A.B. asks: 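Quick one: the structure is below, and I'll ask about it shortly.
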Amino acid sequence: MTHSSFDVRISKCMPMKTIKVKCIGFWGAFDPRDNFILDLLKKRYQVELSDEPEYLFYSTSTEDFLDYDCVRIFYTGENVCPDFNLCDYAIGFERMTFADRYLRRPFYLDVPMYREDLDRAMHKHEFRMEDLKEKTEFCSFIYSNKESDPFRDQLLDKINSYKEVHSGGRYRNNIGGSVDDKFAYQWKHKFSIASENSYHSGYSTEKLVQSLAALTIPIYWGDPSIARDFNEKAFINCHQYDTLDEILERVIEIDQNEELYLKMLREPAFYPNFSLEEKRRELEEFIYHIIDQPYEKAFRKTRYCWGAIYEANAKRHRKMDRMAEKLLKIFHR
């Protein structure tokens, strides 16, 4: 028997480590008691949901993470840079390295609601010509949040000056109501405007994935380094052009050249070295490394001296913000 096979047999006999976990501050559809983070943890540990956690996973929708004196892991789906003075580890969009404390990971890789879109995008280049028969419309724009960089509206207006763009979300709607099925609606269109709400290197959400999944030519803006993640031959990368007029010229060129249009559709969404399985392993290794350490050695943020002062200031600002909110409610009665 080899040492490796012996180690595997021993590991199977060893009891699973029990850990106390809590998830707070995530998006609306996120279930703090049943989610992809807990699923990942349960593969290796006995997980106990607790209000006195050893490991706190938190996101951008709350400041209550400050109330938990434990190992804190920040996970963001928004364009928010981690504050490593307040968290021990972070998973986000920034293209950076920080020892064992950080993992760059766009959240469309994890969130269950985007798994089907991701699978479709990974196979979009395998389309059949009959799939294009339903593409009777020009371009879609599906957004409901009006809070965004002004460039998104400018891009919409510029493309709309050539042919009407169908706005199917609540924002700037021009079809008589918002659509129920984004994928089905995008599928009817030849192009789609895939714009992030803000400009930031590394910040790429589900927008491009969903547009590629619907077999459109995405007109993408937001992450200037997007070509590091996606095959630039499959979409229009607005960051490669100096003006809106140049972007529109490219749209017109593709729209009026069926051979070019089909060539772009046949391009895969990702580069050949992209592996979803490898991406999953990266997340597992990152999180398992945190928890497999002795608990006291898993802390990374500075907990004393200036670290304690920094956190005390954060708690003081939170208290002042809450007092201000109460006063505003009183005066607006």
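For clarity, every value in this text was computed on a predicted model and none was experimentally measured.
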A.B. asks: Would a 4.5 Å heavy-atom cut-off, applied to side chains only, mark Y45 and T18 as touching?
C.D. replies: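 Of all side-chain heavy-atom pairs linking T18 with Y45, none is under 4.5 Å.
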A.B. asks: Is K301 salt-bridged to D88, going by a charged N under 4.0 Å from an acidic O?
C.D. replies: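 Salt bridge between K301 and D88, a charged N being under 4.0 Å from a carboxylate O: yes.
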A.B. asks: Could you walk me through whether D153 and Y171 pass the side-chain hydrogen bond (donor to acceptor under 3.5 Å, both in side chains) check?
C.D. replies: CA-CA 10 Å; D153 278 3; Y171 180 64; 2.5 Å; yes
A.B. asks: Determine the minimum heavy-atom distance between K133 and T136, stating which atoms define it.
C.D. replies: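 Between these two residues, the closest heavy atoms are O-CG2, 3.9 Å.
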A.B. asks: Sequence neighbours left out, what passes side-chain contact (heavy atoms from CB on, under 4.5 Å) with S275? Give chain and number order.
C.D. replies: E277, E278
A.B. asks: For K135, does the NZ atom sit with more than 12 other heavy atoms under 6.0 Å from it, leaving out its own atoms?
C.D. replies: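 It does: K135 NZ has more than 12 such atoms within range.
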A.B. asks: Less than 4.5 Å apart, side chain to side chain, heavy atoms only: is that true for M129 and L262?
C.D. replies: yes
A.B. asks: Do K158 and I247 have side chains that approach each other closer than 4.5 Å (heavy atoms only, starting at C-beta)?
C.D. replies: no
A.B. asks: Both conditions, 6.0 Å and 45 degrees, for the charged tip of K207 above the ring of Y220: are they met here?
C.D. replies: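 No, a cation-pi geometry is absent between K207 and Y220.
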A.B. asks: Give a yes/no verdict on a cation-pi contact between R101 and F84, requiring under 6.0 Å between NZ or CZ and the six-membered ring centre and an angle within 45° of the axis.
C.D. replies: no
A.B. asks: Around D31, counting heavy atoms of other residues, nucleotides and ligands shown, do more than 12 lie under 6.0 Å from its CG?
C.D. replies: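 Result for CG/D31: enclosed.
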A.B. asks: By side chain to side chain donor-acceptor pair (under 3.5 Å), which residues pair with S195, not counting sequence neighbours?
C.D. replies: none
A.B. asks: Taking the six-membered ring of Y143, is the NZ or CZ of R152 close enough (under 6.0 Å from the centre) and on axis enough (within 45°)?
C.D. replies: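 The answer is yes, since R152 meets both limits relative to Y143.
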A.B. asks: So W27 and F30, would you call those rings parallel, tilted or perpendicular, with 30° and 60° as cut-offs?
C.D. replies: perpendicular
A.B. asks: Between E284 and K43, does at least one N-O distance fall below 4.0 Å, as a salt bridge requires?
C.D. replies: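 Yes.
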A.B. asks: Can you find a pair of side-chain heavy atoms, one from D64 and one from R318, that are under 4.5 Å apart?
C.D. replies: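 D64 reaches R318 side chain to side chain.
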A.B. asks: Taking the six-membered ring of F138, is the NZ or CZ of K163 close enough (under 6.0 Å from the centre) and on axis enough (within 45°)?
C.D. replies: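 Flagged: K163 positioned over aromatic ring of F138.
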A.B. asks: Do other residues, nucleotides or ligands put more than 12 heavy atoms under 6.0 Å from K279 NZ?
C.D. replies: no
A.B. asks: Hey, is the main chain of A269 close enough, under 3.5 Å, to the side chain of N231 for a donor-acceptor pair?
C.D. replies: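 Judged by distance alone, no pair lies under 3.5 Å.
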A.B. asks: Any donor-acceptor pair under 3.5 Å linking the side-chain atoms of E196 with those of T205?
C.D. replies: yes
A.B. asks: Please tell me if the side chains of I19 and Y55 come closer than 4.5 Å, counting only heavy atoms from C-beta onward.
C.D. replies: yes
A.B. asks: Taking side chain to side chain donor-acceptor pair (under 3.5 Å) as the test, write out the residues that go with R95, two or more places apart.
C.D. replies: D223, S225, D229
A.B. asks: Looking at Q154, I'd like to know if its CD atom is crowded, meaning that more than 12 non-hydrogen atoms belonging to other residues, nucleotides or ligands lie closer than 6.0 Å.
C.D. replies: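 Count over threshold, so yes.
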A.B. asks: So L109 and L283, do their side chains get closer than 4.5 Å, heavy atoms only?
C.D. replies: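 A side-chain contact is absent here, since even the closest heavy-atom pair is not under 4.5 Å.
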A.B. asks: Looking at E285 and R280, is any side-chain nitrogen of the basic one under 4.0 Å from a carboxylate oxygen of the acidic one?
C.D. replies: no
A.B. asks: Please determine if D292 and R44 form a salt bridge, counting it only when a charged side-chain N lies under 4.0 Å from a carboxylate O.
C.D. replies: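 The answer is yes: the pair qualifies as a salt bridge.
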A.B. asks: Above 12 or not: heavy atoms from other molecules or residues under 6.0 Å from CZ of R322?
C.D. replies: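 Result for CZ/R322: enclosed.
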A.B. asks: Any idea how W221 and Y199 line up, ring-wise: parallel (<30°), tilted (30 to 60°), or perpendicular (>60°)?
C.D. replies: tilted
A.B. asks: Does a salt bridge link K319 with D67, judged by any charged N lying under 4.0 Å from a carboxylate O?
C.D. replies: no
A.B. asks: Quick one: ring-ring contact (aromatic ring centres under 6.0 Å, His included) pairs with a partner in residues 110-134, sequence neighbours left out?
C.D. replies: F107-Y114
A.B. asks: Would you say the side chain of C139 lies within less than 4.5 Å of the side chain of I219, judging by non-hydrogen atoms?
C.D. replies: yes
A.B. asks: Going by ring-ring contact (aromatic ring centres under 6.0 Å, His included), name the pairs with one or both residues in residues 297-319, residues two or more places apart or in two chains.
C.D. replies: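 Pairs touching residues 297-319 that pass the test: Y295-F299.
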A.B. asks: Do you know the tightest heavy-atom contact between L156 and I193?
C.D. replies: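 What the structure gives for the nearest pair is CA-CD1, 3.8 Å.
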A.B. asks: Write down the atom of S161, the atom of L248, and the distance for their closest heavy-atom approach.
C.D. replies: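 It is OG-CD2, 3.8 Å.
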A.B. asks: Taking only Lys NZ, Arg NE, NH1 and NH2, and the carboxylate oxygens of Asp or Glu, determine whether K263 and E259 approach each other closer than 4.0 Å.
C.D. replies: no
A.B. asks: May I ask you to decide whether R128 forms a salt bridge with D131, counting only side-chain N to carboxylate O separations under 4.0 Å?
C.D. replies: yes
A.B. asks: Taking all heavy atoms of K20 and all of S50, pick out the closest pair and write down the distance.
C.D. replies: CB-CB, 3.9 Å
A.B. asks: So, using salt bridge (Lys or Arg N to Asp or Glu O under 4.0 Å) as the criterion, who are the partners of D321 when residues are at least two apart?
C.D. replies: none
A.B. asks: I want to know whether Y89 and Y102 have ring centres closer than 6.0 Å.
C.D. replies: no
A.B. asks: Donor-acceptor pair, distance only, cut-off 3.5 Å: does the side chain of R172 make one with the backbone of G169?
C.D. replies: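 Between the backbone of G169 and the side chain of R172 there is no qualifying donor-acceptor contact (under 3.5 Å).
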A.B. asks: Can you tell me if K17 has over 12 outside heavy atoms packed within less than 6.0 Å of its NZ?
C.D. replies: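 Yes, NZ of K17 has more than 12 neighbouring heavy atoms, counting only those of other groups under 6.0 Å.
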A.B. asks: Do the non-hydrogen side-chain atoms of M264 and K233 ever get within less than 4.5 Å of each other?
C.D. replies: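 No, too far: nothing below the 4.5 Å cut-off.
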A.B. asks: For the residue pair C70 and P53, what are the closest heavy atoms and their distance?
C.D. replies: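 Here C70 and P53 meet closest at CB-O, 3.2 Å.
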A.B. asks: Which atoms form the tightest heavy-atom contact between Y203 and S198, and what is the distance?
C.D. replies: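 Smallest interatomic distance, heavy atoms only, reads CE2-OG, 3.6 Å.
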